[in-house]
Number of protein chains: 2
Amino acid sequence: MGIIRKTKAVATVLQIFEEKDEAKSVVHLIELVKDKMNKTTVYRILDRLEQDGAIHSFNGKDGLKWYAKCEGCSASHHSDKHPHFQCTKCDKVECLPLEIKIPSIKNHKVDSTDILLIGQCEVCCA
Amino acid sequence: MGIIRKTKAVATVLQIFEEKDEAKSVVHLIELVKDKMNKTTVYRILDRLEQDGAIHSFNGKDGLKWYAKCEGCSASHHSDKHPHFQCTKCDKVECLPLEIKIPSIKNHKVDSTDILLIGQCEVCCA
DNA sequence: AAATTAATGCAATTGGGTTGCAATTACAAA
DNA sequence: TTTGTAATTGCAACCCAATTGCATTAATTT
């Protein structure tokens with residue numbers, strides 16, 4: 001199980017995700033709260049929040065781990081299948097509310113998908 | 001530019017990819033040739049081979065970097081767009097000869113895609 | 001309010017990947 | 001073949017994201 005106690009640190013991290021519906025890398029999150037808590041705590045809180053389905057994680061192009069809270073997030077919808085979009089200019093990452101059709105693959109069973117689209121976001125496109 | 005000289009080390013690494021058409025993680029590759037060369041050399045050879053289009057790389061579920069040689073590999077087809085499949089049981093990774101349709105996204109420009117399907121491979125499915 | 005135990009801070013550690021530099025080796029030119 | 005030179009390699013040190021162990025703190029239960 002995930003979160004059991006509602007601590008200040010948990011509230012702080014959660015608020016970051018509430019404020020803006022945008023994915024954040026762990027490195028960035030640690031930077032954001034570095035005056036309020038230890039980096040180890042950030043890692044552990046993110047783990048717990050993910051187990052509860054409050055947020056979900058994925059790997060960015062850079063190899064860093066990213067987390068986001070999005071519409072579909074819940075304890076039951078643990079392994080989200082929506083794609084993510086990372087901008088090569090501003091590095092912002094968004095959850096895309098799309099469903100990408102995966103053709104069935106002979107003799108293989110697909111459990112989940114990990115789709116990252118790389119390009120330029122709305123702001124950087126202009 | 002990539003490979004300029006054909007050294008023993010390069011031949012050793014290339015042969016691994018020739019032998020079996022299967023992706024390998026860098027960590028695994030280093031392990032395979034650890035008696036023959038330094039890990040730094042492995043990293044550098046992989047870089048050069050990729051620049052030449054002899055192999056291509058992508059990120060596995062585990063966050064590790066993987067490399068593979070596949071049909072479509074060539075210097076011109078540098079950034080391959082085919083999806084990869086990673087088995088959760090045996091951890092094997094395959095290149096899938098599929099094209100996955102990405103719907104266009106409003107106000108976004110998609111340059112490349114990074115698609116990893118996770119599930120059970122032919123062997124582990126049975 | 002006291003007891004219990006989850007949560008946190010901190011320092012040390014792990015592990016993938018990179019860098020600087022000296023030594024080696026492939027290859028071209030003589 | 002020998003020599004020059006520039007690519008390649010080995011090695012040690014380093015970088016940085018992420019994890020671990022353990023003592024301390026604080027949220028929840030009674």
Side-chain angles (χ1 to χ4, degrees), chain A residues 1-17 23-68 75 84 86 91 93 114 116, chain B residues 1-17 23-68 75 84 86 91 93 114 116:
Chain A
M1 94 204 70
I3 293 285
I4 294 181
R5 296 182 181 181
K6 296 213 170 146
T7 65
K8 274 183 213 167
V10 168
T12 302
V13 172
L14 259 182
Q15 207 202 321
I16 292 173
F17 288 111
K24 302 241 183 259
S25 70
V26 178
V27 171
H28 186 202
L29 283 167
I30 289 173
E31 176 65 23
L32 285 176
V33 299
K34 69 163 182 282
D35 297 326
K36 294 175 188 156
M37 73 192 82
N38 189 273
K39 69 170 180 177
T40 307
T41 303
V42 178
Y43 280 108
R44 292 196 275 225
I45 287 176
L46 290 171
D47 275 351
R48 280 180 270 146
L49 287 175
E50 185 173 26
Q51 280 181 58
D52 278 0
I55 57 178
H56 64 278
S57 72
F58 54 94
N59 298 312
K61 186 63 185 162
D62 37 33
L64 296 185
K65 199 167 187 183
W66 291 67
Y67 281 89
H84 295 98
Q86 184 160 21
D91 225 47
V93 175
D114 206 343
L116 183 66
Chain B
M1 96 206 66
I3 292 287
I4 293 180
R5 296 184 180 178
K6 297 213 170 146
T7 65
K8 273 183 213 165
V10 169
T12 302
V13 171
L14 259 183
Q15 206 202 321
I16 291 173
F17 289 110
K24 301 241 183 257
S25 69
V26 179
V27 172
H28 186 203
L29 283 167
I30 289 173
E31 176 65 23
L32 283 176
V33 300
K34 70 161 182 282
D35 298 326
K36 294 176 188 153
M37 71 193 83
N38 189 275
K39 69 168 180 176
T40 306
T41 304
V42 178
Y43 280 108
R44 292 195 274 224
I45 288 177
L46 292 171
D47 275 351
R48 280 180 271 145
L49 287 175
E50 185 172 28
Q51 280 180 58
D52 278 0
I55 58 178
H56 64 278
S57 71
F58 53 94
N59 297 313
K61 185 62 186 163
D62 37 33
L64 296 185
K65 199 166 186 182
W66 290 68
Y67 281 89
H84 295 97
Q86 184 160 21
D91 226 48
V93 175
D114 206 343
L116 181 66

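Chain A is the first sequence line, chain B the second, and so forth, proteins listed ahead of strands; every chain is numbered from 1. Because only heavy atoms are used, hydrogens play no part in the values below, and waters and symmetry mates are left out as well, while side chains stay in.
The stretch residues 24-31 of chain B comes close to DNA chain C through B/Val26, B/Val27, each having a heavy atom under 4.0 Å from the strand.
The OG atom of B/Ser57 sits 8.5 Å away from the CG atom of B/Asp47 when rounded to the nearest 0.5 Å. With values rounded to the nearest 0.5 angstrom, A/Arg48 atom CZ is found 11.0 Å from A/Ile55 atom CD1.
In terms of heavy atoms, B/Lys24 sits closest to B/Ile16 at CE-CG2, 3.7 Å. Closest of all the heavy-atom pairs between B/Phe17 and B/Tyr67 is CE2-O, 3.5 Å. In this structure, B/Leu116 and B/Gly60 approach most closely via the heavy-atom pair CD2-C, 3.8 Å.
Scored by the side-chain hydrogen bond (donor to acceptor under 3.5 Å, both in side chains) test, A/Asn38 finds A/Thr40 as partners (sequence neighbours excluded). In this structure B/Lys34 satisfies the side-chain hydrogen bond (donor to acceptor under 3.5 Å, both in side chains) test together with B/Glu31, sequence neighbours excluded. Not counting sequence neighbours, the partners of A/Val93 by the side-chain contact (heavy atoms from CB on, under 4.5 Å) test are A/Ala23, A/Phe58, A/Trp66, A/His84, A/Gln86. Residues meeting the side-chain contact (heavy atoms from CB on, under 4.5 Å) test with B/Asn59, sequence neighbours left out: B/Lys65, B/Asp114. Taking A/Asp91 as the reference, nothing meets the side-chain hydrogen bond (donor to acceptor under 3.5 Å, both in side chains) condition, with sequence neighbours excluded. A search for side-chain contact (heavy atoms from CB on, under 4.5 Å) contacts involving A/Val42 returns A/Leu29, A/Ile30, A/Val33, A/Met37, A/Leu46, not counting sequence neighbours.
With the end axes of the helix from C/dA1-D/dT30 to C/dA30-D/dT1 each set by five pairs, the angle from one to the other reads 30° at 10° resolution.
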Please list, one pair per line, the donor and acceptor atoms closer than 3.5 Å that link side chains of residues 5-15 of chain B to other protein atoms, with sequence neighbours excluded.
unit_1, atom_1, unit_2, atom_2, d
B/Thr7, OG1, B/Val10, N, 3.2
B/Thr12, OG1, B/Lys8, O, 2.9
B/Gln15, NE2, B/Glu19, OE2, 3.1

### Task
Give the B/S/- string for nucleotides 4-14 of chain C, one per nucleotide from 5' to 3', where a protein heavy atom under 4.0 Å of the base yields B, of only the sugar-phosphate yields S, and otherwise -.
-BBSBBBB---
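For DNA chain D, the span of nucleotides reached by chain B at under 4.0 Å from its heavy atoms goes, 5' to 3', from D/dA6 to D/dA12.
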